[in-house]
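Only heavy atoms go into these numbers, but all of them, side chains included; no hydrogens, no water, no symmetry mates. Ligands are counted one by one from 1 in listed order, and the atoms in each one are counted from 1 as well.
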Amino acid sequence: MPKKKSAPPSASGTPSSHNITSLSHEARVFKPAPEFSTAAHVKSLAAYRKLYDESIQHPDKFWSRVAKEELVWFSPFKKVLQWKEPVAKWFIGGRLNLAYNCLDRWLNTPVANKAAIIWEGEPNADGRPGEERTLTYRQLHREVCRFANVLKRHGIEKGDRVLIYLPMVPEAAIAMLACARIGAVHSVVFGGFSAQSVADRVADSGARMIITADGGYRRGATVQLKRNVDDALALKDSDGNQIAASVKSVIVLRRCCNDIHMKEARDVWWHRELEYVTPDCPAAKLDSEAPLFILYTSGSTGKPKGIFHTTAGYLLGAKLTTRLVFDLKPDDVYWCTADVGWVTGHSYVVYGPLANGGTSLMYEGAPNWPEPDRFWRIVEKYGVSILYTAPTAIRAFMKWGDEWPGKHNLKSLRLLGSVGEPINPEAWMWYHNVIGGGRCPIVDTWWQTETGAIMITPLPGAIPTKPGSATLPFFGILPEVVDDKGVEVPRNTGGKLVIRKPWPSMLRGVWGDPVRFKQTYWSEVQHSYFTGDGCRQDQDGYFWIVGRIDDVLNVAGHRIGTAEVESALVSHPSVAEAAVVGRPDELKGQALVAFVILKSGVVAKHELREELRQHVGKEIGPVAKPDDIRFAEALPKTRSGKIMRRLLKQVASGLEIKGDTTTLEDYNVLAKLAQTSE
Ligand code: WT7
């Protein structure tokens, strides 16, 4: 059992590169339990330190060894890294296949008949229990090969982009792996995004195909995925041209038997297509740097960016972190609750677990439907041993009450993970005590869509944890907290979080926009990757992430750019101007507050608020609907016309307005704004 410590854990005389000479400074330190450490992949702080130091001082040697040990190569790489900032090429000359590394490599081993994916669907609205399916590695391999042949039959070739818009069903993983098998580039779009978002992503990526389903289930209702695709394909730009013109075919998975329209010569059924293909599909021998996927994510300006990742480096990052951070072992039942529409679903539902021969559980529905014990019921039913979820969910569970987890036997759990936003110490303690029974280590993992894999995290048998801190960097990762000039700040001082060295699973670019790539990530601080996060390091070198310092909000673990919501709002005929800021929210971390100036003549009626929320939902997706809309007469601006967001944030949070307001163009605006909150 990890002991609660108020005194320093026996300063075992292991000085470290992070100066962990003593861990006495923060309120609470949880040392790994000896029983856990003995069996863990990384067994001590000293072992972590030794490997970490090697990974930083001799990265070529470290990554070359690890890449050879972890991955199956068709041809060996000749060079570890070629770095011409900001362009990285890893494992040059190597050839491999990601689907081969996740599936074929297990076929002649005892893993072949083990569950690769255990899936449960949401219970139906009429009370029927959800469907259940288990796919062994052999079965999954077969399905992936068959579906890869379907893609080929539709003319999909290496390098072609395929958009995947599916619910949380095994077919999402099958479609991703099938693309990887033939070298097509997948772009998964979260099922909660709108038709407009689908069309924009098609246009940006030039996708030739969309893979979707007639529908998905969410809280007893069906999500109309195919209808959204139809709408997306019908959308026109301002010149009257079809936005998603590159799409030639749509493959539709039959699930809900929704009444949908199949368009001749464009739409085909997944199950029908399988009738035409064999299960033989050799894995393409792809270059290490072959593009693997594009995932769109919000930035501080403009439309979402297509973050793209390539094959070898990404796979290595996903595989290594899954095994070491979650201490994944052959008999674990591992459950990451993320949707495959986010990067967490890519790296830690699909690729990481399968590359390790693990068993990955997938659940389709919401945590509180039909009742708030849904997750705990699943943990008990399948004997889940590793659970990876988000602070926003943990805070909701806390609110719903201890009786819900209390109904179930959670003894199978041995490790808990958190991701997506800073976890407040209260939620950490609740997770530890109520869900983990005080015996499970918690790994608070910091990373991003751009980083591909976990970057700052405890290793559960090795690194003592402190509630609220993501602790120390993973192997090969060199984070620093710096000031505006890019100089490292002293301990316990806030600053910008940057990464000083390239790492294998880093993004390779913004799809089709190298200029934006350089500007966003490699220009803020010289010779460093800029994360967009604020951070401080404590005396022990532990990293405490504060949250975004750019105009990106983190609402219930979803990343939302304020600029995107603003442009959705001003696209409504009644709106003249809009500014969106975040305010702290107990459950969601941050809530979206929109200050809206209406066009003259439009009356600020209460119904208009709901109309605008719906409008944003339609433009972007339900996750981006503002929580609060405040009609204002004007926005506070500097003399140069820049909106003073700092002031708006204070108004939104109901705080007294502080700080320098001397550049405000019109002092009256502030007084009027404060009134909008009534
Ligand atoms: C942003 C990235 C890749 C994970 C899913 C979200 C925030 C993520 C943590 C954490 C504090 C965290 C950061 C980051 N974030 N994990 N453990 N502690 N903040 O991926 O949508 O690309 O968002 O999520 O602000 O920049 P994403």
Side-chain angles (χ1 to χ4, degrees), residues 188-190 192-193 293-300 304-309 314 317-318 321-322 325 336-349 351-352 388-395 416-425 427-428 431 442-458 465-474 477 479 481 496-499 505-507 510 520-521 524 529-537 542-561 564 582 588-590 621 623-624:
V188 184
V189 177
F190 174 54
F193 279 130
F293 68 82
I294 308 173
L295 197 54
Y296 286 84
T297 189
S298 300
S300 42
K305 309 182 274 274
I307 301 302
F308 83 92
H309 285 280
Y314 169 80
T321 50
T322 303
V325 175
C336 165
T337 68
D339 191 283
V340 288
W342 310 107
V343 75
T344 312
H346 285 54
S347 303
Y348 300 110
V349 174
Y351 293 130
Y388 189 31
T389 194
T392 187
I394 298 166
R395 289 190 296 266
L416 303 173
S418 170
V419 63
E421 52 186 310
I423 178 165
N424 45 315
W428 197 103
Y431 199 28
I442 295 183
V443 290
D444 172 4
T445 62
W446 176 87
W447 60 297
Q448 309 177 298
T449 305
E450 292 87 341
T451 70
I454 293 169
M455 302 284 279
I456 302 180
T457 177
T465 53
K466 300 180 187 187
S469 170
T471 76
L472 299 174
F474 190 72
I477 309 302
V481 182
K496 300 172 178 173
L497 179 65
V498 298
I499 313 291
S505 67
M506 65 195 272
L507 75 164
V510 172
T520 311
Y521 301 105
E524 180 88 13
Y529 167 83
F530 176 57
T531 64
D533 279 330
C535 187
R536 90 183 151 86
Q537 265 184 292
Y542 275 40
F543 288 84
W544 297 75
I545 314 289
V546 184
R548 304 292 304 198
I549 45 176
D550 51 6
D551 291 322
V552 173
L553 302 179
N554 193 326
V555 179
H558 298 318
R559 191 163 143 179
I560 296 169
E564 248 178 283
K588 301 199 281 186
Q590 281 187 302
V623 289

Asker: May I ask you to decide if the ring planes of F293 and Y351 are parallel, tilted or perpendicular, using 30° and 60° as cut-offs?
Answerer: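 Taking Y351 first and then F293, their aromatic rings lie parallel (interplane angle under 30°).
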
Asker: Output all residues satisfying salt bridge (Lys or Arg N to Asp or Glu O under 4.0 Å) with K588, sequence neighbours left out; order by chain, then residue number.
Answerer: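 With sequence neighbours excluded, K588 shows a salt bridge (Lys or Arg N to Asp or Glu O under 4.0 Å) to D627, given in chain and number order.
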
Asker: Only counting residues at least two apart or in another chain, list the ones meeting ring pair (Phe, Tyr, Trp, His ring centres under 6.0 Å) with Y388.
Answerer: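 Testing Y388 for ring pair (Phe, Tyr, Trp, His ring centres under 6.0 Å), a comparison that skips the adjacent residues, returns F326, Y348.
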
Asker: Is the side chain of R536 donor-acceptor paired with the backbone N or O of W544 at a distance under 3.5 Å, no angle test?
Answerer: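 Judged by distance alone, no pair lies under 3.5 Å.
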
Asker: Name the residue from T344, V343, D444 that meets the side chain to side chain contact (heavy atoms under 4.5 Å, CB included) definition with V419.
Answerer: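 Exactly one candidate clears the test, T344.
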
Asker: What residues form a side-chain contact (heavy atoms from CB on, under 4.5 Å) with L416, not counting sequence neighbours?
Answerer: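 So L416 forms a side-chain contact (heavy atoms from CB on, under 4.5 Å) with L387, L413, Y431, I435, C440, I442.
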
Asker: Show the protein residues that qualify under the rule heavy atom under 4.0 Å from an atom of ligand 1, listing them in chain and number order.
Answerer: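 Near ligand 1, by chain and number: V343, T344, V419, G420, E421, P422, D444, T445, W446, W447, Q448, T449, D533, I545, R548, N554, R559.
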
